[in-house]
Amino acid sequence: MSHYLEGLNPAQYAAVTQTEGPVLVVAGPGSGKTRVLTYRIAHLIEKGVAPWEILSLTFTNKAAKEMKERIEKVVGEKANQIWAGTFHSVFGKILRIEAEKINYTSDFTIYDTDDSKSLINSIVKELNLDSTSYPANAVLSRISNAKSNIIPPAKYANNPVLLQEDASQKRPHIYKIYETYVSRCRKAGAMDFDDMLYLLYALFIKNEEVLTKYRNKFKYVLVDEFQDTNQLQYGIIKLLTYYDKSPCNICVVGDDAQSIYAFRGATIDNILDYEKDFKNRGIKTIKLEQNYRSTHHIVQAANEVIAYNSRQLKKDIWTENNEGTKIRLIRTMTDNEEGKRVADLILEQKNRFHLINREIVILYRTNSQSRVFEEYLRHYNITYRVFGGMSFYHRKEVKDLLAYLRLVINPNDEEALKRVINYPKRGIGDTTVEKIISLATAEQIPVWNGILKVEVPPRTKNLLVGFVEMMEVFKQKAKVINAYEVATMVARQSGLLNELKADTTIEGQGRLENFNSLLDSIKEYVENDLVETDDEKNISNYLQTVSLYTDADDEKNDTDYVSLMSVHAAKGLEFKSVFVVGLEEKLFPSFMSMNSTQELDEERRLFYVAITRAKQLLTLTYSNSRYKFGQLNYNDPSRFISEINESHLDSNVNSMKGNGTELVSEAFGSLKSSIKGNFKPIRQVSLPKIDISNFVPSPSENIAAGMKVFTLEIWRRKGVRDRRRKR
DNA sequence: GAAGTGATGTTTTTT
DNA sequence: ACATCACTTC
C-alpha cells in the first residue's frame with residue numbers, strides 16, 4: 001500500500017506519518033512541502049479516515065486545486081469529498097449553511113475590494129467628511145486590520161490607541177465610518193473578504209452548538225502557508241481544534257522566512273504562538289531543510305540574504321543539487337531597456353537551454369511594472385500571460401454584468417444597484433440614486449424597495465418603473481432557468497451587449513471579447529460535471545463561486561506562455577528560469593516599506609521568496625532610471641543585491657549585446673555620476689525579421705554530432721538589427 | 001442629467 | 001501616466 005511513502009526523506013516521512021496530535025512543519029523553500037501535505041492527506045485516507053472529516057486550508061484556489069488533483073492521483077475519487085479550499089471558500093461554504101444563524105440569507109453577496117471602497121466613499125460623503133483626508137484605501141485598510149485583529153466597531157470606538165493613531169493621521173472619524181460600513185454591509189446582505197472570517201469567528205464564539213458540530217466534523221485539520229495567517233484565521237483554527245479533550249489533530253505547515261503578508265495583518269507570531277499554545281498537547285516540530293528545487297548558487301544566495309533578518313526560526317537550508325549557473329545580474333540605463341534585455345534573454349534561454357515559455361517567469365514588486373515587458377514580449381511574438389493586476393473579474397464590463405446578476409438575487413445589494421441602475425444610460429442620475437439610498441438607509445428597507453418609494457419628478461418616476469419592470473422579469477426567470485440562461489438574457493435585455501457592440505474602438509472590441517468570454521465561462525460553469533443539480537446551476541451558486549475567483553485560477557493548460565506576476569503572486573510556484581526585475585531602492589524594497597526594520601525585513605523575505613522560485617536560472621535586473629508617476633527617477637540598485645555574495649553573481653556575461661560588461665563592484669560604484677546630460681529614453685520598435693518565438697526546441701538527447709543547429713548567432717547574422725527611434 | 005474640464009491622488013503586495 | 005472625482009457648463 002505504502003508506495004507513496006517511498007522516496008521520502010526522514011523529515012518528510014515523519015511529517016507524513018505523524019498523523020495524531022499537533023504538528024508544526026517548518027518547510028523551507030523547495031523542500032517538498034506540497035508533497036508532504038498531499039501524502040499526509042492520502043495517508044490519512046489510507047488509514048481509514050473519511051475524506052469529509054479532513055479540513056485542508058490553503059491561501060489560493062490554485063494551491064487547493066493542485067492539492068486535490070495530487071491527492072486524487074493517490075486515493076482516487078474520494079479526494080473530491082475532502083473539505084479542501086481557501087480559507088475564504090471553505091468558510092464561505094460554512095457561512096452559507098449557517099447563514100440564518102447570523103441573520104444573513106444563504107444568498108449573501110460577497111463584496112470585493114472595489115465594492116468596499118465604493119461603499120466607503122459613499123459613507124464618507126454622507127457623513128460630510130472631507131473626501132481627500134479619508135481616501136477609501138486607507139480607511140478600508142484600517143477597517144480590515146481591525147477585523148483581522150478581532151476588534152468590532154464598538155471596541156474600536158473605545159480603543160484609545162487606535163483613536164490616537166487615527167487622530168495623528170488626521171482621520172479621527174474612522175471609527176464612525178467603520179460602524180456605518182459594517183451596518184451597511186449587513187443591510188445590503190453583503191460580506192467583504194474580512195467578514196467571511198470575522199463572522200464565522202463570531203458565530204463560533206456565540207453559538208456553541210454550531211462550533212461543536214464542526215469540531216466533531218473536522219477530525220483532522222491541515223493548514224498550509226501558516227506564516228501568512230492572521231489572528232482571525234488562527235483564532236478560528238484554534239477554536240476548531242483546541243478544546244477540552246480534543247484530539248488536537250492539527251498540522252500546520254509554514255516558513256517564517258516566507259511570511260509576506262504582515263501588511264495585511266499576518267503575523268509570524270502565529271507560528272511562535274502555535275508552538276506555545278499546543279505545547280501541553282505534545283506538539284511535534286518537524287523541519288524540512290533539504291531543498292530539492294534550486295541549484296547550489298541559488299540556495300546559498302537565498303541563505304545569505306535571509307541571514308540579514310533578525311527574528312526567525314533557526315533552520316539550515318541545504319541542497320544536494322549541483323552548483324548550477326551563477327546568478328546573472330543585469331544593469332540597464334532605463335526601465336525600457338530593462339524590458340528589452342529581459343525579452344532578449346528569454347529568447348536566448350529558450351534557444352540555448354531549450355526552455356519552453358511555461359518554464360519562465362518575470363517577477364516584479366508592483367503590478368504596474370508589467371507593461372514594458374509585455375511590450376517587448378509582444379514585439380518578439382512570445383506568448384505571455386499577466387497574472388493579477390487588473391484581473392479579468394475586475395474589468396468594468398465583467399463587473400457590470402455580474403452586478404446585474406447580483407441584484408437579481410439580492411435586492412439589498414446597494415453596490416450592485418449603484419453600478420447598474422443607470423448603466424447603460426437610462427436617464428437616472430446621481431441625485432436620484434442618492435435619494436434612493438438615503439431613503440432606504442433611513443427607513444431600513446432594501447434599496448430595491450426604495451426605488452419605487454422615492455419621491456422624484458414624474459419623468460424620472462417612469463424611468464425608475466421601467467428599470468424595475470425589466471429587473472422583475474429577470475428575477476422571475478432566474479427562479480426557473482440556469483445561470484447561463486439568465487446571464488445571456490440580462491446581457492441582451494439590459495442593453496449591456498448593445499452598448500458594448502456600439503463601441504468599435506480597439507479597446508471596445510476587447511471589452512466585448514471579455515464580456516463574451518465571461519458568458520462562455522458561465523456556460524462552462526453550468527455544464528461542468530461537478531455542478532450537477534439544478535440548484536447548483538443557478539445564479540446564486542454561480543455568484544458565490546465566482547466572487548472568490550482570481551484570474552490565477554483560470555487554468556489555461558493548452559497554451560505555452562511566459563508568466564508575468566508580482567512576487568506575492570508567485571508564492572508556492574517554481575520555474576526553471578526566473579527573472580526578478582526592478583531591483584532598485586525605493587521599488588524593491590518599496591518606498592512604502594523603508595521606514596522600519598520590520599517592514600524592511602518583510603521586503604527581504606519577499607526577495608527571498610522571489611529568488612527561491614528559481615530551479616536553475618536566476619536573473620536579477622535593475623535600471624538606473626525609471627518612470628514613476630510619469631516622472632523620470634534615478635534609484636540606486638537594491639540593497640538586496642549587495643547582500644548576495646559576489647561569488648554567486650555573474651554580471652559579466654552579455655552575449656546578446658556587446659555593451660555594459662560591468663562587474664558587480666562597478667555596479668555599486670558611482671552609479672549616479674555615470675549619468676550625465678539629458679538622456680532621452682530610447683525605445684526599440686523593430687520586430688525581428690525571423691519569427692523564432694514559435695521555435696520548438698528538439699529534445700537535447702536527439703542532437704548528435706554533425707547536425708546543423710539553429711543558433712542565435714545565425715539568427716542575428718541574418719540581419720536582425722534594432723532600429724532606434726525617439727519616443 | 002450629461003458631457004467636458006481640470007485637479008488630485010495613486011502604486012505595494014491579495015482573498 | 002493614468003484614473004478618478006469634483007466642478008462647470010450646456
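Atoms considered below: every heavy atom in the structure, side chains included; atoms not considered: hydrogens, waters and symmetry mates.
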Within a strict 4.5 Å, meaning less than it, do heavy atoms of the Arg639(A) and Phe607(A) side chains meet?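 Side chain of Arg639(A) against side chain of Phe607(A), heavy atoms only: no contact under 4.5 Å found.
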Just so I know, are the side chains of Lys418(A) and Val433(A) near enough to count as touching, which here means a heavy-atom distance under 4.5 Å?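 A side-chain contact under 4.5 Å exists here.
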Is Tyr261(A) stacked on the base of dT14(B), meaning ring centres closer than 5.5 Å and planes within 30 degrees of each other?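 Stacking between Tyr261(A) and dT14(B): absent.
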Need one value for [X]: base, sugar-phosphate or nothing, where a base atom within 4.0 Å counts as base even if backbone is also close, heavy atoms only.
X         : value
Phe87(A)  : nothing
Ser593(A) : base
Phe588(A) : nothing

[N] phosphate, OP1 or OP2: any side-chain N/O from [X] under 4.0 angstrom?
X         : N       : answer
Asn367(A) : dT12(B) : no
Thr113(A) : dT14(B) : no
Ser89(A)  : dT15(B) : no
Asn422(A) : dA2(B)  : yes

Heavy atoms from C-beta onward define the side chain here; which of [options] lies closest to that of [X]?
X         : options                  : result
Arg459(A) : dT14(B), dG1(B), dT13(B) : dG1(B)
Lys425(A) : dG1(B), dT15(B), dA3(B)  : dA3(B)
Thr60(A)  : dT13(B), dG1(B), dT15(B) : dT15(B)

In whole angstroms, how far is the [atom2] atom of [N] from the [atom1] atom of [X]?
X         : N       : atom1 : atom2 : value
Gln631(A) : dT10(B) : CD    : C1'   : 14 Å
Met565(A) : dT15(B) : CE    : C1'   : 17 Å
Tyr134(A) : dT10(B) : OH    : P     : 15 Å
Asn61(A)  : dT14(B) : CG    : P     : 14 Å
Leu197(A) : dT15(B) : CG    : C1'   : 8 Å
Phe629(A) : dG9(B)  : CZ    : C1'   : 8 Å
Leu464(A) : dG1(B)  : CG    : C1'   : 13 Å
Glu584(A) : dT12(B) : CD    : C1'   : 15 Å

Parallel, tilted or perpendicular: which fits the ring planes of Tyr525(A) and Tyr542(A), with parallel below 30° and perpendicular above 60°?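 Rings of Tyr525(A) and Tyr542(A): perpendicular, as their planes differ by over 60°.
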Quick one: sort the Phe263(A) and Tyr261(A) rings into parallel, tilted or perpendicular, breaks at 30° and 60°.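 The rings of Phe263(A) and Tyr261(A) sit tilted, inter-plane angle from 30° to 60°.
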Does atom NZ (Lys125(A)) have a neighbourhood of more than 12 heavy atoms from anything else shown, all under 6.0 Å?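 Count not over threshold, so no.
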For nucleotides 2-10 of chain C, just jot down a letter per nucleotide in 5' to 3' order: B, S or -, based on protein non-hydrogen atoms under 4.0 Å. ---SS----
Between Asp430(A) and Glu602(A), which has a closest nucleotide on DNA chain B that is more 5'?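 Its nucleotide being nearer the 5' end, the pick is Asp430(A).
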Side-chain donor-acceptor pair under 3.5 Å between Asn633(A) and Arg626(A), yes or no?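 On atom types as modelled, these side chains do not qualify, holding no pair under 3.5 Å.
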Quick one, Phe640(A) with Leu620(A), criterion side chain to side chain contact (heavy atoms under 4.5 Å, CB included). Give me CA distance, side-chain angles, the key distance, then yes/no. CA-CA 11 Å; Phe640(A) 299 146; Leu620(A) 310 177; over 6 Å; no
At less than 3.5 Å, do the side-chain atoms of Arg264(A) and the base atoms of dT13(B) form a donor-acceptor pair?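 Flag unset: no donor-acceptor pair detected.
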Do NZ/NE/NH1/NH2 and the carboxylate oxygens of Lys147(A) and Asp192(A) come within less than 4.0 Å?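 Salt bridge present between Lys147(A) and Asp192(A).
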Expressed in whole Å, how much space separates the C1' atoms belonging to dC5(C) and dT12(B)?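 My reading of the C1' atoms in dC5(C) and dT12(B) gives 23 Å.
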